[in-house]
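Here's the structure we're looking at; comments come further down.
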2 protein chains.
Amino acid sequence: MTASQPSTTAEELRGAGLRVTAARVALLDTVRDGDHLDVESIASGVRDRVGHVSLQAVYEALYALTAAGLVRRIEPAGSPARFEGRVGDNHHHVVCRSCGAVADVDCAVGEAPCLDASDDHGFSIDEAEVIYWGLCPGCSTTRSS
Amino acid sequence: MTASQPSTTAEELRGAGLRVTAARVALLDTVRDGDHLDVESIASGVRDRVGHVSLQAVYEALYALTAAGLVRRIEPAGSPARFEGRVGDNHHHVVCRSCGAVADVDCAVGEAPCLDASDDHGFSIDEAEVIYWGLCPGCSTTRSS
DNA sequence: TTCGTTCTCTTGAATGATTCAGGTTTATGA
DNA sequence: TCATAAACCTGAATCATTCAAGAGAACGAA
Ligand SMILES: [Mn+2]
Ligand SMILES: [Mn+2]
Ligand SMILES: [Zn+2]
Ligand SMILES: [Zn+2]
């Protein structure tokens with residue numbers, strides 16, 4: 001009864017200073033179960049779990065959870081924002097130029113910032129984001145065959 | 001008279017299979033003189049040189065010149081597309097989180113792709129794009145002072 | 001020089017992701 | 001139980017970019 005169990009999704013939300021609502025629990029679960037989902041996909045995942053939720057609420061919740069560090073937002077050029085539950089480890093992504101598929105790539109160097117700029121122009125850099133562009137297995141066989 | 005002089009902007013356009021128009025010469029010059037300009041800035045630079053040009057024509061020309069490899073497009077998350085004349089050398093960028101300022105960073109490793117993914121997930125990678133995020137000199141003094 | 005083809009440019013409308021606005025409901029802790 | 005701020009709702013607005021389709025112009029061939 002008094003034990004502090006491994007934190008549930010609800011407890012994580014509360015721990016981040018956010019209120020616990022069915023929609024936000026469902027949203028965090030959806031993002032974590034998914035794989036770099038876009039906002040529409042997240043909204044439909046949330047609705048599958050708890051019924052109607054406005055797209056607006058999804059945007060607001062994603063903003064709040066991103067600010068709280070519970071989810072991470074990535075935005076490859078030319079595609080809408082995508083969200084993932086893997087946070088705090090400065091990993092990178094491969095993106096398919098043809099179909100937009102995204103996959104994780106561990107950081108080749110170490111912690112963030114994982115790369116030193118050769119000349120930082122006086123900027124104080126806090127993150128090095130790497131996107132590898134290419135073709136996913138499916139798209140490259142389609143093209144070459 | 002018969003000499004093949006160092007190529008002019010016009011000759012470069014022709015060499016890329018594009019027609020030579022005042023607007024496109026002006027556009028290429030504008031992009032080269034500028035420093036990671038956005039579309040509006042390019043349009044106004046072009047207009048300063050040759051008078052009225054529709055924004056649509058600017059978009060189309062940028063598309064054509066990008067496809068031809070004469071200009072390069074970058075699109076940091078959260079800001080409109082920017083274009084530059086420095087092409088073919090796989091360099092990277094530092095972007096200010098506060099004001100959006102962009103500066104060049106030479107590739108730390110070598111040719112494109114300058115980085116090997118630790119696990120490419122079967123993707124055939126042709127480019128590694130790196131964006132260093134931080135604060136420019138101006139924005140960081142503003143915040144810390 | 002003239003022509004025809006195709007590229008380029010134009011105006012005007014449409015898209016689509018995201019954000020803004022303002023009002024209502026609800027979680028939370030006092 | 002209550003007050004308050006957070007969360008949520010509907011509806012409208014923004015903004016960069018793209019789509020459409022007709023008019024104009026570059027340029028290689030005749
Ligand atoms: Mn990831
Ligand atoms: Mn550059
Ligand atoms: Zn693909
Ligand atoms: Zn700045």
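As the structure is a computational prediction, the values presented were derived from the model and not from experiment. Residue numbering restarts at 1 for every chain, and letters A, B, ... go by the order of the sequence lines.
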Q) Is the distance from OP1 or OP2 of C:dT28 to the nearest side-chain N or O of A:Arg14 less than 4.0 Å? A) yes

Q | Residue-phosphate contact under 4.0 Å: B:Thr21 side-chain N/O, D:dA25 OP1/OP2 | A |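 The answer is no; no side-chain N or O of B:Thr21 sits under 4.0 Å from OP1 or OP2.
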
Grab the [atom1]-[atom2] distance between [X] and [N] for me, whole Å please.
X       : N      : atom1 : atom2 : answer
B:Glu60 : C:dC7  : CD    : P     : 13 Å
B:Leu37 : D:dA16 : CG    : P     : 15 Å
B:Leu27 : C:dT8  : CG    : P     : 12 Å
B:Glu75 : C:dT18 : CD    : P     : 12 Å
B:Tyr63 : C:dC7  : OH    : P     : 13 Å
A:Arg47 : D:dC9  : CZ    : P     : 9 Å
A:Leu55 : C:dG16 : CG    : P     : 14 Å
B:Leu18 : C:dT8  : CG    : P     : 6 Å

**Q.** Atom pair NE2/CD of B:His92 and B:Glu129 - distance to nearest 0.5 Å
**A.** 9.0 Å

Q. About how many Å separate CG of B:Asp35 and CZ of B:Arg86, when rounded to the nearest 0.5 Å?
A.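 Output value for this atom pair is 10.5 Å.
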
Can you tell which of [options] lies closest to the side chain of [X]?
X       : options                : answer
A:Val20 : D:dA25, D:dT17, C:dT28 : C:dT28
B:Gln56 : C:dT28, C:dT10, C:dT8  : C:dT10
A:Arg19 : D:dT17, C:dA27, C:dC9  : C:dA27
B:His52 : C:dA17, C:dT10, D:dC27 : C:dT10

Any base atoms under 4.0 Å from [X], or only sugar-phosphate, or nothing? Heavy atoms, all strands.
X       : result
B:Ala23 : sugar-phosphate
A:Ala81 : sugar-phosphate
B:Ala61 : nothing
B:Ser54 : base
A:Ala57 : sugar-phosphate

Q | Side chain B:Arg24 and base C:dT8 donor-acceptor under 3.5 Å | A | no

**Q.** Cluster check A:Ile74, A:Leu37: I/L/V/M/F/W/Y, side chain < 4.5 angstrom
**A.**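 No, it is not one cluster - the side chains of A:Ile74 and A:Leu37 are not joined through contacts under 4.5 Å.
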
Q) So which heavy atom on A:Val87 is nearest to which on A:Gly69, and how close? A)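 Residues A:Val87 and A:Gly69, closest heavy atoms: CG2-O, 3.5 Å.
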
Q) At their closest point, which heavy atom of A:Phe123 faces which heavy atom of B:Cys96, and how far apart are they? A)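 Looks like CE2-N, 3.6 Å.
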
Q. Can you name the one residue among B:Arg73, B:Arg32, B:His93 that meets side-chain contact (heavy atoms from CB on, under 4.5 Å) with B:Glu84?
A. B:His93

Q: Determine, stepwise, if the pair A:Arg19 / A:Leu13 fulfils side-chain contact (heavy atoms from CB on, under 4.5 Å).
A: CA-CA 7 Å; A:Arg19 291 186 183 172; A:Leu13 285 169; over 6 Å; no

Q.
Angle between the two end axes of the helix from C:dT1-D:dA30 to C:dA30-D:dT1, five base pairs per end, rounded to 10 degrees?
A. 30°

Q: Any chance you could lay out the side-chain hydrogen bond (donor to acceptor under 3.5 Å, both in side chains) test for B:Thr30 and B:Asp33, step after step, and finish with the verdict?
A: CA-CA 5 Å; B:Thr30 298; B:Asp33 286 353; over 6 Å; no

